[in-house]
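Notes follow once the structure below has been shown.
Keep in mind that this is a model prediction, so the values were computed, not measured.
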Amino acid sequence: MKKFRVVFMGTPEFAVPCLAALHEQCEVMAVITQPDKPRGRGQKMMPSPVKAWAVEHDLPVYQPEKIKTEEFTAKLEEMKPDLMVVVAFGQILSQRILDIPEYGCINVHASLLPRYRGAAPMQWCVINGEEKTGVTTMFMDAGLDTGDMLLKAEFPIGEDTTLEEVHDGLMDMGAKVLMDTLEKLSDGTLTRTPQPAESNYAPMLTKNTGQIDWSKTAQDVHNLVRGLNSWPGAYTQLDGAKYKIWRTRRTGEKASAPAGSIVRADKKTGLFVAAGDEVLEIVELQAPGKKKMRAADYLNGHGFADGAKFA
């Protein structure tokens, strides 16, 4: 494979395996990532996972507040890379930047395009109950995930598969699909397929995305919980207290109580809530000020009043 001179753009943990694979087989000229941000209780300034990996491997790192400025665009032009690779970077590139590399800009996207363009494809794929997702590489254009598709790989989503499991699976898959794409680009066998206009848009998550609506079906609630595990988490409220719900299980048992009602709460059998017209088991939760734990363990030291109802 040709040893491409690459500028890499990425920010979260998801992008690190792609950077590592490029570092092994290409010349990574520069790593562009988001500025350090305050994290944790102490709000200490912390680097992105991509920056941390790049620094550890002595790669030059740039962290522009805005990549589309004249000054930074000129810097990229001076580098004259063969190729740019973008993986969950977090900023929109200008057409001028897209036109810089001889071989174009390749994006590794965490869905089977054209489905789930946008900021949160993995989360919405699980929330919407899809049975499979995957990774797509594409040549970038000025639109939002609308460029010509290159290679794809599929990842199955089971009934209880969580976002965390999808994330980890696609993270490793993305690096392999990227390098397969560069192999074909190098030997001249890479083909591009234009995307149709129709798509499922995956918007950014908000604080309200995780609020459970118990009037929805048990399947919908179950999908929401696993689609937001491990971030940001689905939640519900009881007597003004906010409980995060991390894992649920469909029981198939018919519910006669109003939606959100606690049907059974027993330290031996667990916690069961009416979701739509079905009883849903809460397997793992996190009470205010507590660590996440199995619901049965939580019930060992805590109880719920008869007729209690989550909202």
Side-chain angles (χ1 to χ4, degrees), residues 12-13 37-44 46 49 120 122-124 126-129 157-169 205-311:
E13 180 190 14
K37 293 184 178 180
R39 291 185 176 87
R41 289 185 178 179
Q43 290 295 284
K44 181 181 177 182
M46 297 292 291
M122 289 183 284
Q123 290 91 336
W124 287 107
V126 180
I127 291 170
N128 289 343
I157 303 176
E159 168 68 19
D160 297 312
T161 301
T162 66
L163 167 66
E164 185 173 25
E165 292 163 340
V166 171
H167 172 277
D168 292 352
L205 302 174
T206 69
K207 290 182 179 180
N208 292 332
T209 306
Q211 184 162 12
I212 296 172
D213 180 353
W214 294 101
S215 68
K216 291 190 174 182
T217 67
Q219 185 68 64
D220 286 342
V221 174
H222 181 61
N223 290 347
L224 180 70
V225 169
R226 62 197 184 96
L228 299 180
N229 180 351
S230 60
W231 186 89
Y235 67 90
T236 187
Q237 298 183 54
L238 178 64
D239 297 330
K242 182 177 177 180
Y243 292 80
K244 282 201 169 184
I245 308 300
W246 292 109
R247 285 188 185 271
T248 54
R249 182 183 67 85
R250 290 192 62 189
T251 66
E253 178 186 339
K254 192 77 172 175
S256 56
S261 299
I262 295 175
V263 177
R264 292 189 300 279
D266 183 271
K267 62 185 179 182
K268 292 183 179 179
T269 60
L271 180 61
F272 298 82
V273 180
D277 62 354
E278 184 180 328
V279 174
L280 187 71
E281 180 183 4
I282 296 178
V283 177
E284 189 176 55
L285 56 70
Q286 185 174 3
K290 303 288 185 180
K291 296 180 179 179
K292 65 172 66 173
M293 63 181 71
R294 291 187 60 83
D297 294 335
Y298 178 76
L299 291 171
N300 260 320
H302 305 82
F304 293 105
D306 291 343
K309 188 168 177 284
F310 287 118

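Shown here is Lys216, whose NZ atom has no more than 12 heavy atoms of other residues, nucleotides or ligands within 6.0 Å. Atom CZ of Arg294 is surrounded by 12 or fewer heavy atoms from other residues, nucleotides or ligands within 6.0 Å. Remark: Lys267 NZ is loosely packed, at most 12 non-hydrogen atoms of other residues, nucleotides or ligands lying under 6.0 Å away. Atom CD of Glu13 has 12 or fewer heavy atoms from other residues, nucleotides or ligands within 6.0 Å.
A donor-acceptor pair under 3.5 Å links the side-chain atoms of Thr236 to the main chain of Ala311, judged by distance alone. A donor-acceptor pair is defined here as one N or O able to donate and one able to accept, closer than 3.5 Å; such a pair exists between the side chain of His222 and the backbone of Glu159. In this structure a side-chain-to-backbone donor-acceptor pair under 3.5 Å is missing from Glu165 to Gly169.
The CE atom of Met122 sits 5.0 Å away from the NE2 atom of His167 when rounded to the nearest 0.5 Å.
Residues Leu228 and Leu205 meet the side-chain proximity criterion, which asks for heavy atoms closer than 4.5 Å. Contact check for Thr248 versus Glu281: no side-chain heavy atoms found under the 4.5 Å cut-off.
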*Going through the distances and angles, do Thr162 and Val126 end up as a side-chain contact (heavy atoms from CB on, under 4.5 Å)?*
CA-CA 7 Å; Thr162 66; Val126 180; over 6 Å; no
*Determine, step by step, whether Arg250 and Glu278 satisfy the side-chain contact (heavy atoms from CB on, under 4.5 Å) criterion, reporting the C-alpha distance in whole Å, the side-chain angles of both residues, the deciding distance to 0.1 Å, and the verdict.*
CA-CA 8 Å; Arg250 290 192 62 189; Glu278 184 180 328; 2.7 Å; yes
